[in-house]
Amino acid sequence: MITLIHKQLFWIKDTSQFLMRHLHVIIGLGLVAATGRVLQLGAFGAINSTTWIPAETFVEVSRLILFLYVLGMADVQPGLKRFWTIMKKKKSFPDFFMLLKNT
């Protein structure tokens with residue numbers, strides 16, 4: 001029981017340390033996506049479809065980079081590799097966590 005609690009506390013500590021070390025990148029990519037979404041919602045006035053499509057692309061690319069950055073533990077290229085490994089494997093969902101841990 002104590003080892004289970006210790007593992008959970010270690011996970012929380014490790015996650016908070018990761019967030020503190022990489023907060024500037026996480027907030028930056030989040031702000032890029034948020035700015036694009038604010039533009040799309042018309043905060044600066046109505047926009048036409050030629051502006052809407054690049055703004056949507058900008059928002060989605062920044063979210064994808066953020067996802068791969070976190071999945072790769074502060075690097076996009078290993079995150080892409082891990083994502084590709086997960087998509088190629090035909091395993092159950094809990095096995096993915098073990099797969100991520102081992103890559």
Side-chain angles (χ1 to χ4, degrees):
M1 180 70 171
I2 292 177
T3 58
L4 179 64
I5 293 171
H6 179 68
K7 286 181 182 180
Q8 290 175 345
L9 291 176
F10 179 75
W11 183 81
I12 291 170
K13 179 184 168 204
D14 196 35
T15 302
S16 63
Q17 286 176 349
F18 177 85
L19 287 173
M20 288 297 118
R21 280 192 304 260
H22 305 287
L23 191 63
H24 61 285
V25 175
I26 293 169
I27 288 179
L29 288 170
L31 282 175
V32 167
T35 303
R37 190 62 74 205
V38 165
L39 176 72
Q40 287 179 322
L41 292 175
F44 304 112
I47 61 171
N48 56 14
S49 62
T50 58
T51 309
W52 179 274
I53 294 170
E56 181 65 26
T57 304
F58 200 60
V59 167
E60 295 306 321
V61 166
S62 67
R63 287 180 178 169
L64 179 64
I65 290 172
L66 178 60
F67 174 74
L68 294 175
Y69 183 81
V70 172
L71 186 63
M73 295 184 205
D75 197 357
V76 175
Q77 191 170 5
L80 187 60
K81 182 181 174 187
R82 284 182 174 180
F83 181 74
W84 186 254
T85 303
I86 290 170
M87 291 298 118
K88 287 192 315 187
K89 300 287 183 180
K90 302 276 189 219
K91 294 188 174 189
S92 65
F93 188 71
D95 292 337
F96 286 141
F97 292 112
M98 294 306 295
L99 181 65
L100 285 175
K101 186 177 179 183
N102 295 330
T103 58

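Taking the side-chain contact (heavy atoms from CB on, under 4.5 Å) definition, one finds that Leu68 meets it with Leu64, Val76, Leu80, Phe83, sequence neighbours left out. Here Ser49 pairs with nothing under the side chain to side chain donor-acceptor pair (under 3.5 Å) rule; sequence neighbours left out.
Ile65 and Val59 are not part of a single hydrophobic cluster, where members link through side-chain heavy atoms under 4.5 Å apart. Placement of Val61 and Tyr69 within a single hydrophobic cluster is found when ILVMFWY residues are connected by side-chain heavy-atom separations under 4.5 Å, directly or transitively. Leu39 and Leu41 fall into different hydrophobic clusters, where Ile, Leu, Val, Met, Phe, Trp and Tyr side chains are chained together by heavy-atom contacts under 4.5 Å. Side-chain heavy atoms closer than 4.5 Å link hydrophobic residues (I, L, V, M, F, W, Y) into clusters, and following such links, even through other members, never connects Leu31 to Leu66.
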Side-chain donor-acceptor contacts of residues 9-18 below 3.5 Å, not counting sequence neighbours, with atom names and distances?
| from | atom 1 | to | atom 2 | distance (Å) |
| --- | --- | --- | --- | --- |
| Thr15 | OG1 | Trp11 | O | 2.8 |
| Ser16 | OG | Ile12 | O | 3.2 |
| Ser16 | OG | Lys13 | O | 2.9 |

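Evaluation of the side chain to side chain donor-acceptor pair (under 3.5 Å) test over residues 28-40, restricted to residues two or more places apart or in two chains, returns Arg37-Gln40, Arg37-Glu56, Gln40-Glu56. A side chain to side chain donor-acceptor pair (under 3.5 Å) check over residues 23-33, counting only residues at least two apart or in different chains, returns nothing. For residues 65-78, the set of pairs meeting the salt bridge (charged side-chain N to carboxylate O under 4.0 Å, His left out) definition, not counting sequence neighbours, is empty.
When all heavy atoms of Ser62 and Ala33 are compared, the pair lying nearest together is OG-CB, 3.3 Å.
Residue Phe58 belongs to a hydrophobic cluster whose other members are Val32, with links defined by side-chain heavy atoms closer than 4.5 Å.
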